[in-house]
Amino acid sequence: MDKKILFVCTGNTCRSSMAEALARKIAEEMGLAGIQFVSAGVMAWPGEKASAQAIQALAEQGIDLDQHRASQLTPELVLEADLVLTMTEAHRQQILHLLPEAKEKVFTLGSYAGTNKDISDPYGSPVEVYRLCAEELTTNIKAALNKFTQNGGLKTNMKEMTLVLGSDHAGFEMKEQIRQYLQNQGITVEDMGCNSTDSCDYPDFALAVGEKIRSGACQMGILICGSGVGMAIAVNKVPGIRAANVFDPVIAGLAREHNNANVLTLGSRFLTLEKALEIVEKFLTTEFAGERHAKRVDKITAIEEKYACR
Ligand SMILES: O=C(CO)[C@H](O)[C@H](O)COP(=O)(O)O
């Protein structure tokens with residue numbers, strides 16, 4: 001079933017209408033399927049068109065906002081959404097006043113994306129201000145979609161995802177066998193190398209795999225070195241990556257269920273192929289449980305954000 005993200009501003013003719021249309025385009029560029037985007041205003045005139053400057057700013061990016069018509073925010077819209085992103089804290093407060101029980105899924109776009117700034121209202125300004133607003137929205141929406149997809153917003157389905165693999169020389173042969181196994185099951189796999197048993201450096205491949213996931217091009221990764229330890233340490237330096245070095249299928253399931261791990265690392269020198277495949281299968285077929293674990297995974301993300309270069 002599709003997930004739904006609702007953007008909220010005041011009149012639904014400028015910020016949230018642009019956010020809805022931009023998010024649709026960004027999700028397509030990130031290869032994200034299964035997310036529906038909608039928008040509404042806390043004080044909208046239902047049926048009103050988007051402002052002329054918003055239409056122009058988005059038309060310059062090849063996005064048609066001409067057909068948009070404003071909608072008034074209703075409790076149903078909030079309840080139906082999986083995530084509600086408001087343009088300002090005042091909008092968030094208005095929703096929570098109406099529906100305090102929605103607290104867990106209503107955020108300002110800035111706080112959810114990690115930029116921590118409200119999106120200011122361009123209403124009545126010249127088109128240049130709308131262009132800047134569209135840029136600000138784009139930055140925030142990209143980060144928000146990364147977070148939404150990595151924190152269990154989407155259910156994992158093996159056949160629908162693209163997996164990325166990498167290894168060093170010690171993990172090369174096991175990587176080849178795992179790739180074959182996955183491809184035989186119809187799973188799309190990207191292989192970032194290495195391509196032989198010649199000695200090489202595991203951080204190079206950890207970075208390549210981490211960046212594929214960070215960009216949204218792939219949803220999960222598997223990295224193999226001699227012990228799995230170096231790969232886990234290296235790839236965990238990429239923001240948004242939660243890698244687990246696993247030697248047992250039960251732990252592989254827990255790494256997904258509780259920690260929403262998105263990268264599995266394996267130690268080829270300490271695992272039989274049979275055991276490695278059992279671990280891979282469990283890792284890829286277990287879904288993040290969310291609920292109390294989501295709050296904890298969000299705290300891991302908050303640690304990353306605390307030390308991010310600004
Ligand atoms: O496990 C690893 C990193 O954690 C590497 O595969 C291992 O360090 C490579 O060692 P060598 O160069 O002696 O083959």
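Order of appearance sets the numbers: ligands from 1, and atoms from 1 within every ligand. Just the heavy atoms: all of them, side chains too, but no hydrogens, waters or symmetry mates, feed the values below.
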Identify, by atom number and element, the atoms of ligand 1 in contact range of G230, meaning under 4.0 Å from any of its heavy atoms.
3 (C), 4 (O)

Counting N and O atoms only, with roles assigned by atom type, does the side chain of Q72 sit under 3.5 Å from a partner on the main chain of W45, one being a donor and the other an acceptor?
no

Could you tell me which atoms of ligand 1, counted from 1 in the order shown, lie closer than 4.0 angstrom to a heavy atom of A170?
6 (O)

Where the side chain of K105 meets the backbone of L79, is there a donor-acceptor pair that is under 3.5 Å apart?
yes

Of all the atoms in ligand 1, which lie at a distance below 4.0 Å from a heavy atom belonging to G226?
1 (O), 2 (C), 5 (C), 6 (O)

Looking at D201, is its backbone amide N or carbonyl O close enough to the side chain of D168 to form a donor-acceptor pair, meaning the two atoms are under 3.5 Å apart?
no

For atom 2 (C) of ligand 1, tell me which residue out of C225, G171, S268 has the closest non-hydrogen atom.
C225

Please write down residue, atom name and distance for the protein heavy atom closest to atom 13 (O) of ligand 1.
R269 NH1, 4.3 Å

Test L182 against every option in L165, T188, L277 by the side-chain contact (heavy atoms from CB on, under 4.5 Å) rule and name the one that passes.
L165

Top protein contact for atom 12 (O) of ligand 1, by heavy-atom distance:
H169 NE2, 3.4 Å

Proximal ligand 1 atoms for D168, defined as those under 4.0 Å from one of its heavy atoms:
5 (C), 6 (O)

So does T286 get a backbone contact from the side chain of R256, meaning a donor-acceptor N/O pair under 3.5 Å?
yes

What protein heavy atom sits nearest atom 8 (O) of ligand 1, and how far away is it?
Y202 CE2, 4.6 Å

Side-chain donor or acceptor of E136 paired with backbone N/O of I119 under 3.5 Å
no

